[in-house]
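Predicted model only: the values in this text are computed from it and were never measured. Side chains included, hydrogens not; waters and symmetry mates left out as well; all remaining heavy atoms used. Residue numbering restarts at 1 for every chain, and letters A, B, ... go by the order of the sequence lines.
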Amino acid sequence: MVGETRSSSPIGSEGNLMHAYRTHNCSQLRSEDVGHIVRLAGWVYRKRDHGNLLFVDLRDHYGVTQVVVDRDSEAFAVTEGLKLESVIRIEGRVTSRGAEAVNPHLPTGEIEVRAVAVELLSEAAELPLPVFGNTDYPEDVRLKYRFLDLRREKLHANMVLRSQVIASLRRRMIDAGFTEFQTPILTASSPEGARDFLVPSRLHHGKFYALPQAPQMFKQLLMVAGFDRYFQIAPCFRDEDARADRSPGEFYQLDFEMSFVTQEDVFAAIEPVLYGVFDEFSKGRTVTPPPFPRIAYKDAMLRYGSDKPDLRNPLEIVDVTEVFQGGPFAVFAKAIESGSVVRAIPAPKAGTMARSFFDSTNQWARDEGFAGLAYINFKGGEGGGIAKNLGPERVAQLVGKMKLGPNDGVFFACDKPANAAKLAGMARTRVAQELDLIEKNSFRFCWIVDFPMYEWDELEQRVVFSHNPFSMPQGEMDALLHKDPLEILAYQYDIVCNGIELSSGAIRNHKPEIMYKAFEIAGYDQSVVDEKFRGMINAFKFGAPPHGGSAPGVDRIVMLLADEPNIREVILFPMNQKAEDLMMGAPSNVTEKQLRELRIAIVGQPKP
RNA sequence: GGGGUCGUAGCUCAAUUGGUUAGAGCACCGGACUGUCGAUCCGGAGGUUGCGGGUUCGAGACCCGUCGACCUCGCCA
């Protein structure tokens with residue numbers, strides 16, 4: 001078990017005892033080594049005490065080797081007193097295990113080392129967190145003793161996987177002609193997007209640096225500087241609240257940008273990289289081969305009720321507004337008159353399931369804050385639920401439109417378009433989970449394309465950028481001048497895998513006059529653009545190539561490959577949900593002297 | 001900031017649903033055992049049931065408050 005996921009040894013196998021701590025690592029010895037005197041070092045993983053015979057499972061990064069000490073050995077006394085997770089060095093002879101004593105679960109299971117000397121290098125206190133076994137432990141204990149947690153098999157393997165994935169991404173990007181550059185960490189705050197992490201300036205009273213939310217403007221400047229294809233495993237910082245798939249504070253992206261490209265060129269460049277790295281670490285899971293399906297944002301919202309659809313889920317939502325429009329089912333017919341739509345979620349072969357399945361799904365929708373989910377359950381072609389209210393003609397129309405089988409079920413979400421899509425999307429996921437329809441052991445990629453450039457902000461009652469303000473609007477200046485802003489699409493795209501948004505990207509707006517116009521529509525005048533995006537807008541006045549790129553999230557890629565539901569499982573030293581590092585004690589107070597130098601005063605009474 | 005779940009030994013969990021002295025496994029300490037690999041067997045120590053208040057003859061359980069963790073909404077161009 002241990003050792004299989006870990007890389008092989010860097011240590012020579014000559015068996016000489018020149019090295020102070022070890023001649024071999026703990027995953028290295030085999031039957032061929034029987035008879036050699038060896039030296040090993042590592043942690044006491046398990047100890048089995050038979051009174052006159054002791055077994056120690058000695059563990060290091062590479063694996064586990066069984067060490068045996070019997071009563072006659074001078075090493076017996078010290079070994080007997082060893083505590084778990086203490087660090088020891090042992091010296092002894094490699095011996096063959098008897099046929100009945102071979103451990104087939106261990107790469108080193110055919111041998112063991114009979115210790116003649118055991119030295120305690122570092123004693124371990126009683127553990128707050130057992131290293132052996134696969135039990136789950138509370139997050140706060142795990143984070144506080146992260147170094148112990150990282151010794152554990154699963155987490156240790158995850159971090160090795162992470163390193164291998166990053167190495168693979170780097171190699172594939174370089175092979176594809178990209179050049180890696182480092183962009184600044186201390187930079188300027190930007191008005192759009194997430195909340196910035198600010199860093200006070202000592203030399204400039206009252207001014208602040210910001211940590212980059214992404215190297216967005218720098219990578220575009222690299223294109224203006226003529227580097228053609230850039231990438232970076234880029235640290236990004238956003239002061240937003242955490243989620244299971246969103247680390248608070250900081251995360252990494254495979255940030256890349258390309259010159260003289262269309263949207264399709266960007267897709268063609270990154271698809272083989274993502275396919276390649278997912279295939280490399282798939283462990284038998286299937287991966288969507290390039291080209292990945294392209295789905296327009298509008299279609300995604302209609303068919304999947306989400307702009308990050310999980311294509312492992314075979315269910316598709318159908319708009320059935322016309323089936324209900326002006327019909328006898330008054331609740332829906334009335335709602336449609338005032339602008340609602342009806343979206344139907346099929347539940348294949350669920351018609352014969354207990355009524356509780358339908359009722360509990362309806363109750364779930366209500367608990368989620370929606371009006372509820374109406375349903376029809378077909379049994380041998382006979383419709384229950386709201387079928388009677390709807391009448392046979394319209395039911396037949398529905399069956400035809402959705403190609404429903406004689407024992408299928410179907411749910412209906414009726415609401416204003418945005419809410420109906422959201423509920424239908426959530427119901428699609430829930431129904432597929434309940435019916436166990438979600439494909440296993442696969443990575444299903446797609447592109448979501450044609451995002452709207454702008455959207456209407458109800459709260460502020462104005463047009464705002466819906467995603468990235470630096471995207472090129474489809475139709476360029478002509479569209480900005482002549483179309484309804486809410487109808488304008490952008491050359492903007494997301495990569496989605498198994499319902500997880502891996503990245504967003506865009507063909508950028510590289511023309512100053514279009515940039516000014518685009519910002520004007522969102523309510524920023526030229527001076528704001530000049531001030532806030534000075535570096536970039538200025539550069540665009542001196543010959544900017546058409547360019548575009550994207551930035552897949554590295555943590556999320558590793559999460560998918562490691563099959564971990566929580567992003568902290570693939571990060572070495574993550575912060576907790578409140579953005580605290582429990583091990584290092586961050587954030588922390590600073591000295592008065594530090595604050596004085598920065599001319600910063602703490603206002604109000606901070607919590608102790 | 002809102003909502004949800006949870007909080008019992010160092011760790012994982014239990015406590016017949018309000019009833020005697022809060023139990024078990026792992027870890028720890030002591031003892032037995034020469035072939036285990038989650039070793040086994042015997043014994044020991046370990047608890048302000050997160051904290052504060054309330055209801056009750058009686059609270060780990062019920063109520064109120066509070067603290068903390070996680071999940072989630074808002075937020076994340």
Nearest-neighbour nucleotide for the [X] side chain, [options] considered:
X: Asp241(A); options: G1(B), U36(B), U34(B); answer: G1(B)
X: Ala194(A); options: U72(B), A69(B), C76(B); answer: C76(B)
X: Ala244(A); options: C28(B), C76(B), C71(B); answer: C71(B)
X: Glu240(A); options: A39(B), C76(B), U34(B); answer: C76(B)
X: Arg48(A); options: U34(B), U36(B), C28(B); answer: U36(B)
X: Glu139(A); options: C70(B), U36(B), C71(B); answer: C70(B)
X: Asp70(A); options: C70(B), C37(B), U34(B); answer: U34(B)
X: His50(A); options: C70(B), U72(B), C33(B); answer: C33(B)
X: Asp72(A); options: C28(B), U34(B), U72(B); answer: U34(B)
X: Pro128(A); options: C29(B), G10(B), U72(B); answer: G10(B)

If you draw a 6.0 Å radius around [atom1] in [X], do more than 12 non-hydrogen atoms from other residues or ligands fall strictly inside?
X: Glu74(A); atom1: CD; answer: no
X: Met477(A); atom1: CE; answer: yes
X: Lys416(A); atom1: NZ; answer: yes

- Working for salt bridge (Lys or Arg N to Asp or Glu O under 4.0 Å), residues Arg430(A) and Glu434(A): CA-CA 6 Å; Arg430(A) 185 185 157 94; Glu434(A) 297 272 324; 3.8 Å; yes
Spacing of the [atom1] atoms in [M] and [N] (rounded, Å):
N: C6(B); M: C26(B); atom1: C1'; result: 22 Å
N: C29(B); M: U16(B); atom1: P; result: 34 Å
N: C33(B); M: A39(B); atom1: C1'; result: 11 Å
N: C57(B); M: G43(B); atom1: P; result: 42 Å
N: A22(B); M: G60(B); atom1: C1'; result: 8 Å
N: G47(B); M: U40(B); atom1: C1'; result: 29 Å
N: G3(B); M: C64(B); atom1: P; result: 13 Å
N: G50(B); M: A15(B); atom1: P; result: 15 Å

- Task: Name the residue closer to the 5' end of RNA chain B, choosing between Glu100(A) and Asp140(A) according to the nucleotide with the nearest heavy atom.
- Result: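 Its nucleotide being nearer the 5' end, the pick is Glu100(A).
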- When you match Lys578(A) and Ala214(A) each to their closest nucleotide on RNA chain B, which lands nearer the 5' end?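 The residue closer to the strand's 5' end, by nearest nucleotide, is Lys578(A).
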With heavy atoms under 4.0 Å as the rule, sort [X] into base, sugar-phosphate or nothing.
X: Ser504(A); answer: nothing
X: Gln213(A); answer: nothing
X: Phe55(A); answer: base
X: Asp49(A); answer: base
X: Arg243(A); answer: base
X: Arg142(A); answer: nothing
X: Glu580(A); answer: sugar-phosphate
X: Arg195(A); answer: nothing

Phosphate contact ([N] OP1 or OP2) by [X] side-chain N/O below 4.0 Å:
X: Arg246(A); N: C73(B); value: no
X: Lys83(A); N: C28(B); value: no
X: Gln577(A); N: C71(B); value: yes
X: Asn566(A); N: C70(B); value: no

May I have the distance from [X] (atom [atom1]) to [N] (atom [atom2]), rounded to whole angstrom?
X: Phe132(A); N: U36(B); atom1: CZ; atom2: C1'; answer: 12 Å
X: Asn103(A); N: U36(B); atom1: CG; atom2: P; answer: 11 Å
X: Lys144(A); N: A69(B); atom1: NZ; atom2: C1'; answer: 14 Å
X: Asn52(A); N: A39(B); atom1: CG; atom2: P; answer: 19 Å
X: Leu127(A); N: U12(B); atom1: CG; atom2: C1'; answer: 14 Å
X: Lys308(A); N: C76(B); atom1: NZ; atom2: P; answer: 13 Å
X: Glu80(A); N: A32(B); atom1: CD; atom2: P; answer: 9 Å
X: Lys47(A); N: C26(B); atom1: NZ; atom2: P; answer: 15 Å

- Item | Stepwise salt bridge (Lys or Arg N to Asp or Glu O under 4.0 Å) test for Glu123(A) and Lys83(A) | CA-CA 7 Å; Glu123(A) 184 169 38; Lys83(A) 292 190 172 68; 3.4 Å; yes
Any strand: nucleotide that pairs with [N] via Watson-Crick or wobble, under 3.5 Å:
N: G25(B); result: C11(B)
N: U5(B); result: A69(B)
N: A61(B); result: none

- Task: Determine, for Glu80(A) against Lys47(A), whether the closest basic-nitrogen to carboxylate-oxygen distance falls under 4.0 angstrom.
- Result: no
- Query: Taking the chi torsion of U17(B), is it syn (within 90° of 0) or anti (everything else)?
  - Reply: syn
- What about Arg71(A), does its side chain sit under 3.5 Å from the base of C33(B) through a donor-acceptor pair? no
- Message: Quick check: any donor-acceptor pair below 3.5 Å linking the side-chain of Arg46(A) to the base of C37(B)?
- Response: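 There is none.
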- Query: Does Arg534(A) offer a backbone N or O that forms a donor-acceptor pair with the side chain of Asp530(A) under 3.5 Å?
  - Reply: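 Checking the backbone N and O of Arg534(A) against the side chain of Asp530(A), no donor-acceptor pair under 3.5 Å is found.
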- Flag the pair His50(A) / Phe55(A) as yes when their ring centroid distance falls below 6.0 Å, and as no otherwise.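 So the answer is yes for these two rings.
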- Message: Can you confirm if the aromatic rings of His156(A) and His61(A) lie within a centre distance of less than 6.0 Å?
- Response: yes
